[in-house]
2 protein chains.
Amino acid sequence: MKGNNVCIREQADPVQISNCRDKIAANERSFSQLSGILSLSGNEVRLKILYLLEEEGRLCPCDLSDILGMSIPAVSQHLRKLKDGSIIEAAREGQTIYYSLKEEHLKVLKPFFKYINLQNLKKQAL
Amino acid sequence: MKGNNVCIREQADPVQISNCRDKIAANERSFSQLSGILSLSGNEVRLKILYLLEEEGRLCPCDLSDILGMSIPAVSQHLRKLKDGSIIEAAREGQTIYYSLKEEHLKVLKPFFKYINLQNLKKQAL
DNA sequence: TTATTATTTAAGCAAATTCTTAAATAAATT
DNA sequence: AATTTATTTAAGAATTTGCTTAAATAATAA
């Protein structure tokens with residue numbers, strides 16, 4: 001960011017700006033963590049995967065690929081991102097690997113599932 | 001997606017898979033809408049902007065640029081995305097344009113602000 | 001031990017994201 | 001009318017994302 005091209009508003013409130021800077025600085029970690037979770041959930045395929053895991057308890061890459069109509073490597077790569085973000089966990093059972101939601105970030109995710117199901121109810125009420 | 005490279009599990013439950021497909025199909029619009037909001041909020045800069053608008057009521061690009069320490073065009077382009085997504089709205093006042101949160105999607109956003117403030121309280125409790 | 005099944009990994013590519021810089025609007029001031 | 005101020009827009013570059021295809025693991029079955 002260059003110094004010029006900057007507007008120095010006369011009406012700007014330096015106290016407000018300073019307070020805002022403090023608020024941002026005080027929550028830097030939270031913004032980083034939360035935006036991480038949100039950007040993972042903000043992909044339509046991954047949001048569907050999370051919703052399905054909530055509904056079904058656990059699912060394997062093979063079934064997810066079947067349900068979502070996309071290739072297994074594509075699904076697997078989404079699952080890895082979610083796992084890297086500590087949003088889901090894997091449990092092996094023979095050759096099959098079952099993925100499920102981790103408790104850790106469920107509080108952030110639950111409202112999303114509620115939103116989806118609420119929209120569905122509204123639709124059915126018509 | 002190619003037909004081969006597909007695993008046809010013997011233990012796969014065709015009824016479960018069919019039900020899952022139905023659930024996804026029934027909520028296609030909701031997934032699209034919600035993932036849109038989440039991907040907008042999933043950028044750290046935009047999440048900060050949304051948080052600041054919630055805290056302050058309204059802010060202009062100039063002040064946001066100052067608070068966040070980034071160029072005005074960069075901020076302006078984030079604001080446009082948020083406006084295109086109906087998450088914020090603009091109100092002109094002379095040369096200054098004030099942005100604020102729209103009521104429409106506040107229900108989805110509110111938990112994020114609560115999360116940030118809760119983390120902050122936890123930190124202060126130490 | 002060889003083949004099959006379920007999954008992951010890696011390389012490559014097209015598209016999307018996010019910044020920078022420079023130029024264009026648009027309102028207020030001189 | 002010309003200048004300043006606040007903001008947007010556009011073009012370009014670096015990075016990230018999300019798929020495809022092919023090859024690599026890893027467990028089970030023949």
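Order of the sequence lines sets the chain letters (A, B, ...), proteins ahead of strands, with each chain counted from 1. Just so it is clear, the values below take in all heavy atoms, side chains as well, and ignore hydrogens, waters and symmetry mates.
- Between the CD1 atom of A:Ile97 and the C1' atom of D:dT28 there is a distance of 14 Å, rounded to whole Å.
- B:Lys83 NZ to B:Ser76 OG: the interatomic distance, rounded to the nearest 0.5 Å, is 8.5 Å.
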Measure all distances between protein nitrogen or oxygen atoms and nitrogen or oxygen atoms of nucleotides 26-30 of chain C, and list the pairs falling under 3.5 Å.
| from | atom 1 | to | atom 2 | distance (Å) |
| --- | --- | --- | --- | --- |
| C:dA28 | O4' | B:Gln95 | NE2 | 3.4 |

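- For A:Ala90 against A:Ile97, the heavy-atom pair with the smallest separation is CB-CG2, 3.8 Å.
- The residue B:Tyr98 sits apart from the nucleic acid: no heavy atom pair falls under 4.0 Å.
- Rounding to the nearest 0.5 angstrom, the gap separating the CD atom in A:Glu89 from the CD1 atom in A:Ile87 is 12.5 Å.
- Heavy-atom distances under 4.0 Å link DNA chain C to no residue of residues 37-56 of chain A.
- At a threshold of 4.5 Å between non-hydrogen side-chain atoms, the residues B:Leu50 and B:Phe113 count as touching.
- Listed nucleotides D:dA22, C:dT7, C:dT21 differ in distance to A:Tyr99; the shortest reach to its side chain belongs to C:dT7.
- The side-chain contact (heavy atoms from CB on, under 4.5 Å) with B:Ile49 is formed by just one residue from the set B:Leu47, B:Leu52, B:Leu53; it is B:Leu53.
- Distances shorter than 4.0 Å separate some side-chain N or O of B:Ser71 from OP1 or OP2 on C:dT20.
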Check nucleotides 13-16 of chain D against the protein and report each pair of N or O atoms closer than 3.5 Å, with its distance, or say if there are none.
none

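- Rounding to the nearest 0.5 angstrom, the gap separating the CD atom in A:Gln33 from the CD1 atom in B:Ile116 is 9.0 Å.
- Screening B:Ile67, B:Leu64, B:Leu68 for a side-chain contact (heavy atoms from CB on, under 4.5 Å) with A:Cys20, the sole residue that qualifies is B:Ile67.
- Atom CD1 in A:Ile72 sits about 10 Å away from atom C1' in C:dT5, given to the nearest Å.
- Surrounding NZ of B:Lys107 are at most 12 heavy atoms belonging to other residues, nucleotides or ligands under 6.0 Å away.
- Between B:Met70 atom CE and C:dT18 atom P the separation is 10 Å, expressed in whole Å.
- Between B:Leu64 atom CG and C:dC19 atom P there is a gap of 13 Å when expressed in whole angstrom units.
- Between the side chain of A:Ser65 and the main chain of A:Met70, a donor-acceptor pair closer than 3.5 Å is present.
- A salt bridge (Lys or Arg N to Asp or Glu O under 4.0 Å) check over residues 21-30 of chain A, counting only residues at least two apart or in different chains, returns the pairs A:Arg21-B:Asp66, A:Lys23-B:Glu55, A:Lys23-B:Glu56, A:Glu28-B:Lys48.
- Taking side-chain N and O atoms only, B:Ser76 has a distance below 4.0 Å to OP1 or OP2 of D:dT8.
- With sequence neighbours excluded, no residue forms a ring pair (Phe, Tyr, Trp, His ring centres under 6.0 Å) with B:Phe112.
- Listed by residue number, the members of residues 77-86 of chain A with any heavy atom below 4.0 angstrom from DNA chain D are A:Gln77, A:His78, A:Lys81.
- Rounding to the nearest 0.5 Å gives a distance of 12.0 Å between CG of A:Leu59 and CD of A:Glu54.
- Within a 6.0 Å sphere centred on CD of A:Gln124, other residues, nucleotides and ligands contribute more than 12 heavy atoms.
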